[in-house]
Engineer: 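Questions regarding the structure given below will be posed in turn.
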Amino acid sequence: MSTINIGPLRYLEEPSQISIGQNGEGLRSFYQVTAPRDIAAMCKGRPAEELPRILTILSPSHHIASAKALDNLFGIRIPPAAENIRKALGETLTLIHHARKLLFLLQSSTNPPGTRENLRIAVPSSQRRTVDEIMKGIAAFQEAAYILGGRYPHPVTVVAGGVSRPIKEVHKRRLQEIARTCLPYALRLRDIFSETVIGNGWYKPINISFRPVASITSGETENEVVATDKTGAEAARFAPEKVLDTLEILSEPWTYLPFVHEKGKTWEGPLSDKTEGLFFVGPLARLNRATPLAAPPAEAERQRMIGCLGAPPHFSPLAGYWSILVELIASAEKCETLYSEENLSGTETRVVATGSGRRGLAAFEAPEGFVCHRYEVDQRGLVEDVTILDAASENNGLRSFLTQKIAEEAFAAGQPWDQAKKTIELSLVPF
Amino acid sequence: MEAKKVAVYAATGCRACENAILDISFQVNSLDRFARFEFWPYLLGSRLEDLEKPGDIDVTFFTGAISTECDEEAARRLREKSKILVAFGACAAFGGLPGLVNLQQAKKAPEGCEDGTPELPGLRRRVATLHQIVPVDYFVPGCSPPQNYTWTIMQSLVCQSGAAARMSFAASRLPRRIARSVLSGVLPPSGSVFAGEKAVCASCGRMKQEKLFASLNRIHRIEPDPLRCLLEQGLLCQGLATREGCGGLCTGAGLPCRGCFGKAQDIYDAGAKMVSAVSSTFDTTEAAEMQKIAEAFVDLAGTFYRYTAPAQCALLQTPESKRPADEDFEAAGGACNG
């Protein structure tokens, strides 16, 4: 069988490439993550309280997820001020994460799939203003993340029992200044998206429908996890403690990133065409639950999305980007409240751990999707075992079959692989 | 002035260092006159084969630790192609968090793939730093490097003497030895570390009272005094053995330093320095009590070499991890490798 490699893929958090084999029976593509992240080896033997700092290597939101698992490990109920700071940090990370994804889409708009050989970082001056606008917004949100998290992109302040320090008055004032820029920024991004991606027809290469897939999100409270079936209907609701009884991790020798699928279903692995037992997570999975949003501008944008794409559930990269935009608007509105003086007041931000459990688990709805941490520790609090479900692993199956679909269509249409590569890159970013 | 050709490459780690460069891209845009990004897999989709095109790269920022054969090949090709090679971030400079796997049993080579499935880049037995594979010109520590240093090194190495105002900004953030070179319009000595020279304690705002501690504390078990030195409160803070440059970000946030800037200039082994410093502050001379305090210490290797195990843990150094180039580097005053 002859094989070609296309990659490395742009814009993805994991260094990755596509390997395409062709034989008499047809074409087979492999979405390969080519860099290992041996998280278990990094964590085992470490004191449990250090994990929130180590696991930021996965993404900044794992910092919060890890601290939540430690709260449960030590049996701590955190003070309201700490809860508010954590929420503010979480929404700030959402703003940065979502704006960066839209940046990739809009920056590559100077380079729609297949039309130019190279994308320059210094884009033509007509596009530069847009890129600068997005980047300046990201810079402001990063400043907010520095204040709330102590550092960025590897925050440190969220610890077992709360956060490590209250917010200073001078920082509260700065956060309120940033808060005033959030919603106008999000609405400006909405306008750019509307004018360029939709209005100019740049959405066409990413308007690829794929077969319906189930999804997993957090429920209305953090104590519930919701599994949604392919039709968007709720299929099951269970406690976070049951997540690892419900889901299973599968490793394949041809990629360093494992796959996560539903246990007991008939998913035959990433090389199968069947989606039974497969699920995905993230902004589109959350919006596919069709729950109206509390923030009026975000709900208006969601309705506009429904007006264009039809009623949820949606299964396309375009819908993925659109859901990112809707969530960005919702987060911007939330930050106006979360950065307020009343919300961040309070000097009691930590509860000292007195208990010492042996097992801690938490599920968390991160900007990139549902994540889950489980730790088992020895009597000295050293980590013996760790299981992490991250959005990249959970969406690995979806990415694989989306890649296969685009590769098959490109092959059938006689499209150059370079063009298919660009379509694949932009299609995988929202997942 | 002809625009410099710049490359950015990520080996094993996360994207934080690359995003640190991307995050100043609205400033990078203003660097148009000076720089042209020629090779960047993350944003340009560049392949290693692209390096076969004629012409050199002026400056390469290499991020991530070396854990696969592909990382190693990229390091060699980029070294060959680049006039200046920068180890950017803790992973490239010292091994970073991926280097923690070196504290475990060495990994087995990956098993062969089934027929028809593609192969992966092979895993190295041990995670290495960039300098353990090829000679490196400059080091920018930090996980990830703070934006002021990212911006500074861009100006120092990419603009060089092209813009006086930029240079004075850059120089104001560099150690005197490096700043002098930058302002003179010449490159700093090979092996320079773009960070402070003293230890983090020099820039930490917490008060030292020279108090001894009777027991080791862990961060989830105490609420530390916001003004006092964390080490004196019994928390294992590595600030006294770590190179300054971050401005004490973690200690300022109430968390102990974990050494992402690597060991301070004049220290041979950060772990040994910490053991010596901590044991000298035990508030007892009784052997039994000292034993009791010492037993409370857990995971010293994972704490003291959190970001530096492959490069700066003297006990883990092997002939293969120490290159002949290290001797020249150490002679030049560098302190990145043990």
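No experiment lies behind these values; they were computed from the predicted model shown. Every chain is numbered from 1, with letters handed out A, B, ... down the list of sequences.
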Engineer: Would you mind checking which part of B:Cys260 comes under 4.5 Å of any heavy atom in chain A, side chain (CB onward), backbone (N, CA, C, O), both or neither?
Structural biologist: side chain
Engineer: Given heavy-atom pairs under 4.5 angstrom as the criterion, report whether the side chain, backbone, both or neither of B:Arg306 touches chain A.
Structural biologist: side chain
Engineer: A:Arg46 and B:Asp299: which non-hydrogen atoms are nearest, and at how many Å?
Structural biologist: NE-OD2, 2.7 Å
Engineer: So which residue, B:Cys250, B:Pro224, B:Ala296, ends up with the most heavy-atom pairs under 4.5 Å with chain A?
Structural biologist: B:Cys250
Engineer: Less than 4.5 Å apart, side chain to side chain, heavy atoms only: is that true for A:Gln32 and B:Pro118?
Structural biologist: yes
Engineer: Decide, yes or no, whether a salt bridge links A:Arg350 with B:Glu223 under the criterion of side-chain N to carboxylate O below 4.0 Å.
Structural biologist: no
Engineer: Side chain from CB out, backbone as N, CA, C, O: work out which of these in A:Ile138 comes under 4.5 Å of a heavy atom of chain B, or both, or neither.
Structural biologist: side chain
Engineer: Any idea which of A:Arg53, A:Gln17, A:Lys421, A:Glu425 has the most non-hydrogen atom pairs under 4.5 angstrom with chain B?
Structural biologist: A:Arg53
Engineer: Heavy-atom cut-off 4.5 Å, strictly under: side chain, backbone, both or neither for B:Ser144 against chain A?
Structural biologist: both
Engineer: Can you tell me if A:Arg165 uses its side chain to pair, donor with acceptor, with the backbone of B:Pro226 under 3.5 Å?
Structural biologist: no
Engineer: Considering only heavy atoms from C-beta outward, does the side chain of A:Phe104 approach that of B:Leu43 to under 4.5 Å?
Structural biologist: yes
Engineer: Taking CD in A:Glu384 as the centre, count heavy atoms belonging to other residues, nucleotides or ligands within less than 6.0 Å. Is the count above 12?
Structural biologist: yes
Engineer: I'd like to verify something: which residue of A:Lys44, A:Gln142, A:Glu14, A:Glu50 has the highest number of heavy-atom pairs under 4.5 Å with chain B?
Structural biologist: A:Glu50
Engineer: Below 4.5 Å, heavy atoms only, C-beta onward: do B:Val101 and A:Met42 meet side chain to side chain?
Structural biologist: yes
Engineer: Between B:Ile219, B:Asn19, B:Leu48, who has the most heavy-atom pairs with chain A when the cutoff is under 4.5 Å?
Structural biologist: B:Asn19
Engineer: Taking side chain as everything from C-beta outward and backbone as N, CA, C, O, which of these in A:Leu12 sits under 4.5 Å from a heavy atom of chain B? Side chain, backbone, both or neither.
Structural biologist: backbone
Engineer: Taking the basic N atoms (NZ, or NE/NH1/NH2) and the acidic carboxylate oxygens, is any pair closer than 4.0 Å for B:Arg221 and A:Glu49?
Structural biologist: no
Engineer: Please identify, among A:Ala35, A:Cys43, A:Gly7, the residue contributing the most non-hydrogen atom pairs under 4.5 Å to chain B.
Structural biologist: A:Gly7
Engineer: Treating A:Tyr256 as the side-chain partner and B:Pro121 as the backbone partner, does any N or O pair qualify as donor plus acceptor under 3.5 Å?
Structural biologist: yes
Engineer: Is any side-chain heavy atom of B:Thr12 closer than 4.5 Å to a side-chain heavy atom of A:Pro36?
Structural biologist: yes
Engineer: Quick one: does B:Cys143's side chain get under 4.5 Å of A:Arg151's, heavy atoms only?
Structural biologist: yes
Engineer: Would B:Arg15 and A:Tyr11 count as a cation-pi pair here, with the cationic atom under 6.0 angstrom from the ring centre and within 45° of the axis?
Structural biologist: no
Engineer: Under 4.5 Å between any side-chain heavy atoms of A:Arg100 and B:Leu22, yes or no?
Structural biologist: yes
Engineer: Tell me whether the count of non-hydrogen atoms from other residues, nucleotides or ligands lying under 6.0 Å of CD in B:Glu49 goes above 12.
Structural biologist: yes
Engineer: For chain A, find which of B:Leu249, B:Leu103, B:Thr303, B:Asp71 contributes the most heavy-atom pairs closer than 4.5 angstrom.
Structural biologist: B:Leu249
Engineer: With respect to chain B, which residue among A:Thr354, A:Thr157, A:Ile57 yields the maximal number of heavy-atom pairs within a distance under 4.5 Å?
Structural biologist: A:Ile57
Engineer: Measuring heavy-atom distances to chain B, does A:Val33 have an atom under 4.5 Å in its side chain, in its backbone, in both, or in neither?
Structural biologist: backbone
Engineer: Between A:Ser356, A:Gly150, A:Pro47, which residue shows the highest count of heavy-atom pairs closer than 4.5 Å to chain B?
Structural biologist: A:Pro47
Engineer: Kindly indicate whether the side chain of B:Glu119, heavy atoms from C-beta on, has any atom under 4.5 Å from the side chain of A:Trp254.
Structural biologist: no
Engineer: Is there a side-chain contact between B:Pro41 and A:Arg10, using heavy atoms and a 4.5 Å cut-off?
Structural biologist: no
Engineer: Would the distance check show the side chain of A:Ser164 and the main-chain N or O of B:Leu255 forming a donor-acceptor pair, the cut-off being under 3.5 Å?
Structural biologist: no
